[in-house]
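Some notes on the structure that comes next.
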Amino acid sequence: MLAKVFLGVAMSVVIYAAFFYAPSAMGLGEKSRIIFFHVPLAWVGVLAYLVSMVHAIKFLKTRDLYHDRMGSFNSEMGVVFTILATITGAMFAQAAWGVYWNWDPRQTSIFVLLLIYGAFFALRSALEEEETRARLSSVYLILAFFSVPFLVFIVPRIYSSLHPDPIINVEGSLNMDSKMFQVFIASLFCFTGLYFWIYNLNSRLIKLKARSGGDELE
Amino acid sequence: MGKTSSSWLKGFFAVLKKDLQSEFRTRYTLSALFMFALTTLVIVSFSLGVMEIDPGLHAALLWIIVFFASMAGMARSFVKEEEAGTRLALRLSGRIEFIFFGKLLFNLLMLMILLLVIGPLYLIFMLPPLESYFVFSLVLFLGAVGISGATTILSALVARAASRGTLLPVLSFPILLPILFTSINATRLLFSGSGFGGIHSDLLFTLSYSVIIITISFLLFGFVWEE
């Protein structure tokens, strides 16, 4: 309870601070404020994908269907957050570069990320038997996750990108105003907290449903 | 040591030989590969003629043909076991290492035969400017290694699914994209006049990505193949 209240207050403070406390970045102007929402969304998206792969590995080790459901749920959540990150990114692209979509390496990689998980859900829907579905989709999830580092970290650095890169840029240093940085980090924490809240809620839900008689979840 | 490695090779070639024999009788994979590739190539050539087109476009067209043709052919490699009801027999008679690498090599061989025909045909029909035929074959070969490496496990996955035919391209596209990316880039550079030096980083990337994907596929193959 306390954690939820704290998260709600912190989230409101971050949203307020993003518009009124933090200064706008040099050169980019007011549109730079989208960083406080866009980057945490993308981060949570990748985090959800990572967690879903961890659940896939756990499923293959323990054969507990709980992990399969959590893996699938995390992929769904990853898709939602990635779509939000894509939309906010496209908004920024329109404001800064004049087009919503120009196949910048960053946009390409996030698009492929969505494709992977689209394929994952296509595979799940094509497999009828529950145990086989869990096993094979876990294998695909692990396999697919190995192309993510290439797409997210390597491709945008090989091919020139217009994407502003303040987090892990080439020198590994941060060029951000200290007030901006405070809000940015706070926002990252809040969105991660939100993610774990959803994660926890759904984990309890899945356990309860399994206990009440293992009815169809999907 | 010598004994184990020779029994390894024996098991592995047994799977390959069995696949080649059944392929030789039915010619299903090769005809699917060839007809698909030939049809798309003819459509491309027919609509573009001998028009002078951009090297980037040449590279993209060539790899679109190769990608979709290989999807049409590769999808069969495990589905045929499922349809003929021989999956169980194959599982009983061979260790998973033999089956995985046997199928992988079979797919690679099929793809190489395809490229051996489609590569020259593309050059004849479309006349892209090309300096070194050797480097061009190297690019095609590494692309084939990557494609067959990633699709072997995926075709085993697809064999268990309800919508077998359409699922493989959907599943393999995101995983193959890094390979297609670098292969298209290398081909584009070759068609615009650069030699081995200009594309060697692309080739290195393709090779290392293929090795990673084949290793992971091999580790995960047991989970697909069991039960």
Side-chain angles (χ1 to χ4, degrees), chain A residues 49 53 56-63 67-68 75 79 82 103 105 108-160, chain B residues 56 71 78-79 82 100 146 149-182 184-186 188 201-202 204-206 208-227:
Chain A
Y49 286 148
M53 187 191 72
I57 294 174
K58 277 189 181 164
F59 171 78
L60 290 180
K61 275 191 149 173
T62 63
R63 301 302 165 108
H67 289 301
D68 171 57
S75 298
V79 169
T82 315
W103 293 110
T108 313
S109 57
I110 207 158
F111 181 74
V112 177
L113 211 60
L114 285 173
L115 272 187
I116 290 178
Y117 294 93
F120 170 72
F121 293 120
L123 177 67
R124 281 185 81 82
S125 63
L127 295 162
E128 278 140 27
E129 209 256 309
E130 198 176 22
E131 206 274 332
T132 318
R133 178 175 62 208
R135 189 157 47 82
L136 297 188
S137 59
S138 295
V139 169
Y140 185 70
L141 210 51
I142 298 168
L143 197 64
F145 198 81
F146 278 89
S147 70
V148 172
F150 284 93
L151 295 164
V152 175
F153 296 111
I154 297 175
V155 170
R157 280 170 182 71
I158 296 177
Y159 301 93
S160 62
Chain B
M71 288 306 111
F78 281 94
V79 173
E82 202 84 24
F100 179 75
T151 42
T152 301
I153 189 168
L154 292 177
S155 64
L157 278 180
V158 168
R160 312 300 311 277
S163 53
R164 287 162 182 167
T166 50
L167 207 52
L168 187 66
V170 175
L171 291 183
S172 54
F173 180 68
I175 295 177
L176 282 181
L177 199 81
I179 289 174
L180 291 175
F181 234 56
T182 47
I184 290 175
N185 196 35
R188 181 181 61 85
S201 64
D202 281 310
L204 209 62
F205 181 93
T206 313
S208 46
Y209 188 78
S210 309
V211 170
I212 291 173
I213 284 295
I214 290 173
T215 314
I216 299 161
S217 308
F218 175 56
L219 293 176
L220 290 171
F221 187 70
F223 293 109
V224 180
W225 191 241
E226 71 180 35
E227 163 264 20

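Bear in mind that the values here come from a model prediction, so they are computed numbers and not experimental data. Convention: sequence-line order gives letters A, B, ...; per-chain numbering from 1. The analysis underlying the following values was restricted to heavy atoms, covering all of them including side chains, and did not include hydrogens, waters or symmetry mates.
Both the backbone and the side chain of B:S217 come within contact range of chain A, with heavy atoms under 4.5 Å apart. Only the side chain of B:I212 comes within less than 4.5 Å of a heavy atom of chain A; its backbone N, CA, C and O stay farther away. Looking at B:L219, there are no atoms closer than 4.5 Å to chain A (heavy atoms on both sides), in backbone or side chain.
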For residues 167-180 of chain B, run the donor-acceptor check on the side chains, cut-off 3.5 Å, and write out each pair with its distance to 0.1 Å, sequence neighbours left out.
unit_1, atom_1, unit_2, atom_2, d
B:S172, OG, B:L168, O, 2.8

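Every residue meeting the side chain to side chain contact (heavy atoms under 4.5 Å, CB included) condition with A:L127, not counting sequence neighbours, appears here in chain and number order: A:L123, A:R133, A:L136, B:R160, B:A161.
Residues A:Y140 and B:I153 are not in side-chain contact: their nearest non-hydrogen atoms beyond the backbone lie 4.5 Å or more apart.
Distance check: A:I142 CD1 to B:F223 CZ gives 7.5 Å after rounding to the nearest 0.5 Å. In this structure, CG on B:L220 lies 12.0 Å from CZ on A:R135, to the nearest 0.5 angstrom.
Counting heavy-atom neighbours within 6.0 Å of A:F111 CZ, excluding the residue itself, gives a total of 12 or less.
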